[in-house]
Each structure stands twice: as structure tokens, then as C-alpha cells.
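Here is how names work: the chains are called A, B, and so on, in the same order as the sequence lines, proteins then strands, and each is numbered from 1.
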There are 2 protein chains.
Amino acid sequence: MGLTKTANFTERQNKLALMLKAVAHPARIAIIDHLLKANECITGYLVEVTGLSQATTSQHLRELKEAGLLKGTIEGTSMNYCIDQVKWKENAAILKTFFIDVKFDETCC
Amino acid sequence: MGLTKTANFTERQNKLALMLKAVAHPARIAIIDHLLKANECITGYLVEVTGLSQATTSQHLRELKEAGLLKGTIEGTSMNYCIDQVKWKENAAILKTFFIDVKFDETCC
DNA sequence: CTTGTATAATGCAATATTACGATTAATAAT
DNA sequence: ATTATTAATCGTAATATTGCATTATACAAG
């Protein structure tokens, strides 16, 4: 099997899971960390940041882009990546509701 | 080869990735959603919440517990789960720094 | 035209994840 | 004692992920 039963869950739950999954890898967090500091960066330098091969780094970038977290624009012969600020803020708002704006009014087990 | 190179990354990056990975599944989000509403819940009912088998649900609960997100206490013949409020708030603080307290001072690509 | 650089695409091997049925272990009820 | 209930674990199968080598493509610069 190994096949997540998305039909059992709400669209919100499935989408949130996909977004979190895209972030949930140390190499991809390292890429995001760097882009948050540097604002933008080309693939070649991000290969150095991850310490992984060009091919592997490229795949991580693709995953982040597919999840809508990054944008990339062609710059001469290079690809220039940066955070997609609009989508980032949308995701931040969702995470804020889910994770931070929680008040526990009872103690428990 | 299917083996994440944790040595390439900081402890913070690795830990954050592990925590996010634990949350990044719709069944586990559904479990957390329910526990945030209901405060506490036994395994049997969480099986209904996920719509998955008892065995699969039990594994998801174990993963959340190992990641420190849930606590479980034996209650008669049942297992009573709830959010680990202390760890939850720690994680929320980390996520707040990473995701929400970000200000983009420049536009980009 | 050739060489070097950057990215993309494909294929492979190792490992991880998802899910289930069957089993086990422990307690509760008859 | 036996049976039912509850939850965890084991074994298995299907699928996904991670990472690299290799190849392909495009565009500089020399």
C-alpha cells in the first residue's frame, strides 16, 4: 500500500499536510533559511548551501517550487530562486491558526 | 540513497524537519485537530476519526508520541491521548520564528 | 567551433513510509 | 475459567523518498 488515503480527510487537512511535507526536510529548510536571509539566490550557490549534489539539490528546489513556497526566474544562464512572499504569508496564516492561536483551557492526561 | 544526510545540516534544521514530518500527514493532522477540540480522546474513537484501521491509527499515534507532540495515559482498559501542551508551545515558538516573524524588506524575482 | 558552466531529465539503488491483517497482551465482564 | 474489549506489535506488500551518476540541453566566453 504505502498510499495515503486522502479521501478520508478534508481538503484543508490534505493541503496542510502537503505543504508541511514540502518543508519537512533539513536540506529544504536549509534552502529556505538561506533565502530568508539572502532574499534571492541561484541554484549553483544553493548546491553549496546544502552540501548535496547538483541533481539532488535541483530536486529539492523543484519540490519547494511545486509546493508553491519558492519562485524561480531565469537570469542569464542561471536560475534565480526566492521565497514566494504571497504564498508564504498565506501558509504562515494557516500555520498560525493551527499551531499558535491555540489556547488550552484545560490541563489533561 | 534514501538516507537523509543529517550531517550536512544544523541540529536546529534536523530537529525542525523531524517535528514537521511528524505532523505532515493528513491522518495525523486529523488526530491533532480532534485533540485540540476535544482536549483528550481514547484510541478507539481516534480510529473512527481517521477512518483507518486500528493498527494504522495506532502507528500514527505512536509517531506523534515519539515526536513529543502527544502524551498518553492508561485509563482503565483504554489509552487516553492528549496534546503535550508544554512541547506544543515550544514547537509553536520555533514555528513562529521560522514562519511568521519574517519580514520581507525587498521584493524579489 | 570548442570548452566551461548551469540547469534539467532519466534511471538506479537504498531506505522510508503507509496501510493492513493477524497476533499478542492486558484488563474487564460473564 | 472463558469470553470480549482494547490497544500495541509483527510481518508483509505497495509505494514514496533520497541521493547520485549519467546524460542532455542551452548559452557564455575564448
Side-chain angles (χ1 to χ4, degrees), chain A residues 1-9 13-14 17-31 35 40-67 70-82 109, chain B residues 1-9 13-14 17-31 34-35 40-67 69-82 109:
Chain A
M1 319 187 175
L3 213 175
T4 301
K5 290 199 164 178
T6 52
N8 286 25
F9 309 103
Q13 288 165 342
N14 285 315
L18 281 180
M19 189 267 285
L20 291 175
K21 204 158 132 188
V23 186
H25 189 286
R28 297 196 286 269
I29 290 175
I31 289 170
L35 286 175
E40 57 185 16
C41 195
I42 59 166
T43 307
Y45 190 68
L46 290 172
V47 170
E48 293 180 41
V49 167
T50 62
L52 301 174
S53 74
Q54 178 272 319
T56 306
T57 304
S58 185
Q59 279 192 342
H60 285 306
L61 287 169
R62 187 176 148 205
E63 231 167 304
L64 287 169
K65 206 164 100 183
E66 274 176 3
L70 301 190
K71 287 189 299 181
T73 49
I74 298 165
E75 188 144 309
T77 160
S78 297
M79 192 71 171
N80 198 19
Y81 283 101
C82 69
C109 59
Chain B
M1 296 118 212
L3 214 176
T4 301
K5 290 200 163 178
T6 52
N8 285 25
F9 309 102
Q13 288 165 341
N14 285 315
L18 281 180
M19 188 268 284
L20 291 175
K21 204 158 129 189
V23 185
H25 189 287
R28 297 196 286 270
I29 290 176
I31 289 170
H34 186 77
L35 286 176
E40 57 185 16
C41 194
I42 60 167
T43 306
Y45 190 68
L46 291 171
V47 170
E48 292 180 42
V49 167
T50 62
L52 301 173
S53 74
Q54 180 270 318
T56 306
T57 305
S58 185
Q59 280 192 338
H60 284 305
L61 287 168
R62 186 177 149 203
E63 231 166 304
L64 287 169
K65 207 164 99 183
E66 274 175 3
L69 292 158
L70 301 190
K71 288 189 298 180
T73 49
I74 299 166
E75 187 144 309
T77 159
S78 297
M79 192 71 171
N80 199 18
Y81 283 100
C82 69
C109 58

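Taking Glu63(A) as the reference, Arg28(A) meet the side chain to side chain donor-acceptor pair (under 3.5 Å) condition, with sequence neighbours excluded. Thr73(A) meets the side-chain contact (heavy atoms from CB on, under 4.5 Å) test with Asn80(A), Cys109(B); sequence neighbours excluded. The side-chain contact (heavy atoms from CB on, under 4.5 Å) search around Leu52(B) returns Lys5(A), Asn8(A), Phe9(A), Ala27(B), Thr50(B), Thr56(B), Thr57(B), His60(B), not counting sequence neighbours. Remark: Ser78(B) engages Ile42(B) in a side-chain contact (heavy atoms from CB on, under 4.5 Å) (not counting sequence neighbours).
Between Ala22(B) and Leu64(B) the shortest heavy-atom distance is O-CD2, 3.7 Å. Nearest approach of Ala17(A) to Ala24(B), heavy atoms of both residues: O-CB, 3.7 Å.
For dG19(D), the OP1/OP2 oxygens have a side-chain nitrogen or oxygen of His25(A) closer than 4.0 Å. Look at Lys21(A) and you won't find any side-chain N or O under 4.0 angstrom from OP1 or OP2 of dA16(D).
Distance, Lys5(A) NZ to dT15(D) C1': 14 Å, rounded to whole Å. The distance from atom CG of Leu70(A) to atom P of dT7(C) is 14 Å, rounded to the nearest whole Å. Look at CZ on Phe9(B): it is 11 Å from P on dT18(D), rounded to the nearest Å. The distance from atom CD of Glu66(B) to atom P of dT17(C) is 11 Å, rounded to the nearest whole Å. Here the P atom of nucleotide dT17(D) and the CD atom of Glu63(A) are 7 Å apart, to the nearest Å. Between the CG atom of Leu18(A) and the P atom of dT17(C) there is a distance of 17 Å, given to the nearest Å. Taking atom CD1 on Ile31(B) and atom P on dA19(C), their separation rounds to 10 Å, with Å as the unit.
Taking only side-chain atoms of His60(B), from C-beta outward, the nucleotide of dA19(C), dT15(C), dG19(D) with the closest atom is dA19(C).
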Strictly under 4.0 angstrom, non-hydrogen atoms only: write out the protein contact profile of nucleotides 6-12 of chain D, one letter per nucleotide from the 5' end, B, S or -. SBBB---
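Counting heavy atoms from C-beta outward, Leu35(A) and Ile31(A) have side chains that approach closer than 4.5 Å.
Taking five base pairs at each end of the helix from dG4(C)-dC27(D) to dT30(C)-dA1(D) and finding the rotation axis that steps the C1' atoms of four pairs onto the next four gives two axes whose angle is 10°, to the nearest 10°.
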